[in-house]
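Notes follow once the structure below has been shown.
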Amino acid sequence: MSHLFPTYTRWDVEIEHANGTNVIDKNGKTYLDFVAGIAVCNLGHCHEAVLAAVLKQFEKVWHVSNLFENSLQEEVAAKLVNHSCGEAVFFCNSGAEANEAAIKLARKYTNKSKIITFQQSFHGRTLGTMAATGQEKVKQGFGPMLETFVHIPYNDVETLKQTIDHETAAVMLEVIQGEGGVHLGNRAFIQAAAALCKQYEALLIIDEVQTGIGRTGKPFAYQHFDISPDIITVAKGLGNGFPVGAMIGKKVLATAFQAGSHGSTFGGNPLAMAAANATLEIIFDKAFLAEVEEKGAYFSAQLQDICAEINGFQAIRGKGLLIGAAFDFETTSIIQTLRENGLLILNAGPHVIRFLPPLTVSKAEIDAAVQIVKKVLEKTGSCMKMHI
Ligand SMILES: *Cc1c(COP(=O)(O)O)cnc(C)c1O
């Protein structure tokens, strides 16, 4: 009998060890891992440089409180700031915590409380970030939600114009909605959100927990849109598997986050900083990011070819190595069959499967994954489209 709260639907696989894009379960079966811990192990599993950095730190000191100076935090913060429009960083341990910090900061700095978020968004599971999330299923049964949030349709400039006002503290959005189904924000919408925030003296918060840290071929996905957000939140890929999150913000906001305003016992812990420092050193390299973009295009193009041939396979969407494939039927059984065939992938809502390989994935591994997808889709009842 399990002694765990049954909060997760678990797959019937237990991973015993992993390296790069490969994971091996306890029966010795090898899989191609295109989940990567949900966009976490962006450098692949057990990456040598991250491992070495963490091991080295393990032998020096594991944890010190934020009562002490911490030059490792400064080093990681400098990397985040040098590759974004932000100027100051707060470290925490997860995506939800990074978003909590952003929500608190926006409310305190603007002295306003209304925050606009979007339908199908996902921002986390804490009381605050659950309320921010635009999905009913996440909130069911938890009673009254924090009243701060107003949810409106994504990519809808008109509704945003009608909803934003001088009472608005912030607009919070993902430039690609990951959990919500891999929906891309369109350029006009994202830029309008930025302009409207300026007009109404509201902060623009970009949730980059899934899209950040190189996933889309840029350090942060907002950089595809020529905007300069006030706050950026990251977590998942930041420590390549070591739990760590961060909120990056403009310097003017620092007046609202002074000593005693906010904090975290573990946030920015030396081990987490060692992992993040080694991870960013590799990922924020221009040549590395160019390869992510190129491999993403290569992968998408091959999926597009399959899409054209299979009934019920509707569309490929995404950017870089965050790719969704939408079907007109439920995808649970496809995901299971892919797994049985040695490819681990994830859903994003009931009709979309999501590919999140490590950014270090090779073209040969992409080819192998494409072959498995092709074989499984051709077999699982989705007959071939007629060629006219
Ligand atoms: C995963 C995710 C979160 C929550 O992160 P946790 O580390 O699970 O708290 C928040 N926002 C987005 C966009 C995410 O993908």
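Each ligand, and each atom within it, is numbered from 1 in the order the structure gives. Because the structure is a prediction, the values reported are computed rather than measured.
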Any donor-acceptor pair under 3.5 Å from Gln177 side chain to His183 backbone:
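Checked: no pair found.
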Do Asp207 side-chain atoms and Val209 backbone N/O form a donor-acceptor pair below 3.5 Å?
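Yes, the answer is positive, given that a donor and an acceptor are paired below the 3.5 Å cut-off.
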Aromatic ring proximity, centroids under 6.0 angstrom, Phe299 and Phe34
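Yes, ring centres under 6.0 Å apart.
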May I ask you to check whether Phe189 and Phe118 place their ring centres under 6.0 Å from each other?
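Yes - the distance between ring centres of Phe118 and Phe189 falls below the 6.0 Å cut-off.
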Quick one: does ligand 1 sit under 4.0 Å from the side chain of Asn99, the backbone, both or neither, non-hydrogen atoms only?
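For Asn99, the contact with ligand 1 is made by the side chain alone.
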Is it the side chain (CB and beyond), the backbone, both or neither of His123 that lies under 4.0 Å from ligand 1, heavy atoms counted?
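His123 to ligand 1: backbone contact only, side chain stays beyond 4.0 Å.
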Closer than 4.0 Å to some heavy atom of [X] - which atoms of ligand 1 meet that?
| X | answer |
| --- | --- |
| Ser94 | 7 (O), 9 (O) |
| Asp207 | 10 (C), 11 (N), 12 (C), 13 (C) |
| Ala96 | 4 (C), 5 (O), 6 (P), 9 (O) |
| Lys236 | 1 (C), 2 (C), 3 (C), 14 (C), 15 (O) |
| Gln210 | 15 (O) |

Yes or no, since that's all I need: does a protein heavy atom fall within a distance strictly under 4.0 Å of atom 11 (N) of ligand 1?
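Protein heavy atoms within 4.0 Å of atom 11 (N) of ligand 1 - there is at least one.
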Among all protein heavy atoms, pick the one closest to atom 7 (O) of ligand 1 and tell me residue, atom and distance.
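Atom 7 (O) of ligand 1 sits closest to the protein heavy atom Gly95 N, 2.8 Å.
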Within 45 degrees of the axis of the six-membered ring of Tyr31 and under 6.0 Å from its centre: does Lys29 put its NZ or CZ there?
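Checked: cation-pi criterion met.
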Would you say Val209 and ligand 1 have an N/O pair spaced under 3.5 Å apart?
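Val209 vs ligand 1: no N/O contact under 3.5 Å.
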Quick one: which of Thr129, Thr126, Thr233 gives a side chain to side chain donor-acceptor pair (under 3.5 Å) with Asn99?
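When side chain to side chain donor-acceptor pair (under 3.5 Å) is applied between Asn99 and each of Thr129, Thr126, Thr233, only Thr233 qualifies.
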Side-chain touch Phe91/Val89, heavy atoms, less than 4.5 angstrom:
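Yes - at least one pair of side-chain heavy atoms lies under 4.5 Å apart.
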